[in-house]
Amino acid sequence: MKKYLLEIKGYIIGSLACYFLETAATAVTLFLPGYLVDHYLEGVGTIWYLVICYILAFSMYLIVCYLINRFSDYRRIKFEKSIKNDFFNSVIDKNFEDYYKFDVGEYLSMQANDITEMCQNYLSPLLSIYRSIMMIVVFGISLIVCVDFSIAIAIILGSVLASFVPQLTASKLAERNSTYLKEVGKYTSKIKTYFESHDILDKKSANSIKKVHQKDLESVLSRNMHFRKLNSFAMVLNGGSVEFIAVISFIMVAMLLYSKSITIGMATAAFIYSTKFIDPIYELNVNIGRVKSTKNIQEKLQDIICSKSSDSFKSIDRVEKIETNHITKTLGKTEINLPDMEFIYPNKYLITGDNGAGKSVLFRMLMHFYKLDNGEIKYDELSQVDVSLLNAYSPQYPVIFETDYYNNVTLYGTYDDKNLSLYETFFPDDLIEQVKTSTMSKNLSGGEKQVIALLRSLCSEKPVLLLDEPFSAMNEVTIEKFLSNLDKIKAMVIIIAHNVNNYSNYFKHIYNIYGTKHKK
Ligand SMILES: Nc1ncnc2c1ncn2[C@@H]1O[C@H](COP(=O)(O)OP(=O)(O)OP(=O)(O)O)[C@@H](O)[C@H]1O
């Protein structure tokens, strides 16, 4: 958090300076009524003097309040922007295993809710704590100087004791808040799937989904209620301890007035100060609680932002031969045994096999997303290499960005388009025309999306293309046109595909994978 606070130190200093001016202006407006009560008989000049002082102090207070709000907006936006950016970049940079520690919905919820919530409940309350301390000090001194020492000491001591009360509930509150936010992450993940299921739902299944959703919603809100229940109690406890100071000062003013130890003006000032003194103490208590309630969220976000994926293998961008030897991998209850395979640049390979045999898992191992349990994968005799510049991976379900054709195939301009027009000739003209003219690639058909995914892999110009079911939504004409151009691709191409009989004649090298054992 320190790094983010340092980034906005200018705004923080500006805010603190404004808080000081606000406190000074308030202290003057609090002092003047009592002074007026004791000195109004001194003449019209004194009264005018006090009126002008009051108007000036009040005007300064208004101007400073405006500045405080502006500083608050700027620092809040900058703070949130830095954290959201760092969070997004860290998630994007994570390796496969680290990334899948959380679900996409949980990341969405953290990016959209947790960070915003943390900024709301951390930054402003943290500065408000300083503001409250400043007010307590200034009002405390004013009480001692302008009112009466014994009242001032009683109020100050009571305040110090009251400021410890939030500690009683703070850690429990933080724990409940973090449990609630975790549930919100899971809920976001689930409703994402429910909304995506919209098109397959009929009236009956829609009702089932509504019931399941209602249960999920009740579960997440019950967590919120659990947090709020304690929060309500904490507020009453913290508020009550602060209000108790008002009771003490009331009793003391009454006794001092009775014994004629203070004037009516001093009593007026004591009432006004003690009421105003209570506000910052109350705020101090509430804000300490709010800052503490974000502790667990802060730790979770910091874990994600600070943990760097530590693969520091040698990066390679060309390869002559890839070999797999005696690979086994257990995922959940499934044990996968893969046959030994050899892939030579720039040959083209077809991989086929039963559903669930481990074909996609093989690609994830070639990408080093999964670590092997046994066996090895060698890239030109090397087993510890960074393959991100070598392999272009196209997963079973095409990833389509919410942008146009060009940005999709070049991945927002990352890849060169020098051979794009050549690659476009690998597909039927009318299909390419349709894909190119669509302004929002998200709306394309399944087969059209697969065209985009293939063109993106080709434009990467990487020497190894790993294409997982690239034709599953394409018609035969399109598939055959692409396969008849296969030899024009200057890369090692490994394709996972079913209905092998239809296009096995396009491949000289075919591997069949039937090695999965299901554990009991
Ligand atoms: N992360 C995972 N956790 C648990 N099991 C997994 C995981 N990933 C894959 N599996 C299991 O491993 C097996 C192989 O999956 P894989 O996706 O490689 O199959 P596939 O050969 O590509 O099948 P298909 O042709 O149906 O796409 C399946 O039984 C799958 O359920």
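Both ligands and their constituent atoms are indexed starting at 1 by order of listing. In this chain, residues are counted from 1 in sequence order.
Taking a cut-off of under 4.0 Å to the non-hydrogen atoms of Tyr370, the atoms of ligand 1 that pass are 1 (N), 8 (N). Heavy-atom proximity to Arg364, at under 4.0 Å, picks out these atoms of ligand 1: 8 (N). Heavy-atom contacts of His498 reach the following atoms of ligand 1: 25 (O) (cutoff under 4.0 Å). Set against the non-hydrogen atoms of Gln396, the atoms of ligand 1 under 4.0 Å away are 27 (O).
Between Ile336 and ligand 1, no pair of N/O atoms sits closer than 3.5 Å. Polar contact check, Gly356 against ligand 1: a nitrogen or oxygen pair lies under 3.5 Å apart. Below 3.5 Å of separation, one finds an N or O of Gly358 facing an N or O of ligand 1.
Closest heavy-atom approach to atom 9 (C) of ligand 1 within the set Thr330, Asp468, Leu331, Leu362: this belongs to Leu331. Considering each of Gly332, Ser360, Ala497, the one bringing a non-hydrogen atom nearest atom 22 (O) of ligand 1 is Ser360.
Residue-ligand proximity: Phe369 is placed with every non-hydrogen atom at 4.0 Å or more from ligand 1. For the ligand labelled ligand 1, residue Ala357 lies inside the 4.0 Å heavy-atom shell.
Tyr11 and Tyr74 have parallel rings, their planes meeting at less than 30° on a 0 to 90° scale where 60° marks the start of perpendicular. Between Phe369 and Phe96, the ring planes are parallel. Angles under 30° get that label, and only those over 60° would be called perpendicular. Ring-plane geometry between Tyr349 and Tyr511 is classed as parallel, the angle between the planes falling under 30 degrees on a 0 to 90 degree scale with a further cut at 60.
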- Query: Hey, mind stepping through Glu218 and Lys215 against salt bridge (charged side-chain N to carboxylate O under 4.0 Å, His left out) and telling me if it holds?
  - Reply: CA-CA 5 Å; Glu218 278 165 11; Lys215 270 194 180 165; over 6 Å; no
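With a heavy-atom cut-off of 4.0 Å, Tyr100 does not touch ligand 1 at all.
Side-chain contact of Thr116 with Lys84: a donor-acceptor pair under 3.5 Å is present, judged by distance alone. In summary, the side chains of Asn69 and Ser72 do not present any donor paired with an acceptor at a separation below 3.5 Å, with no hydrogens or angles considered. For the residue pair Glu7 and Ser82, a side-chain donor N or O sits within less than 3.5 Å of a side-chain acceptor on the partner. Side-chain polar atoms of Ser219 and Asp216 form no donor-acceptor pair below 3.5 angstrom.
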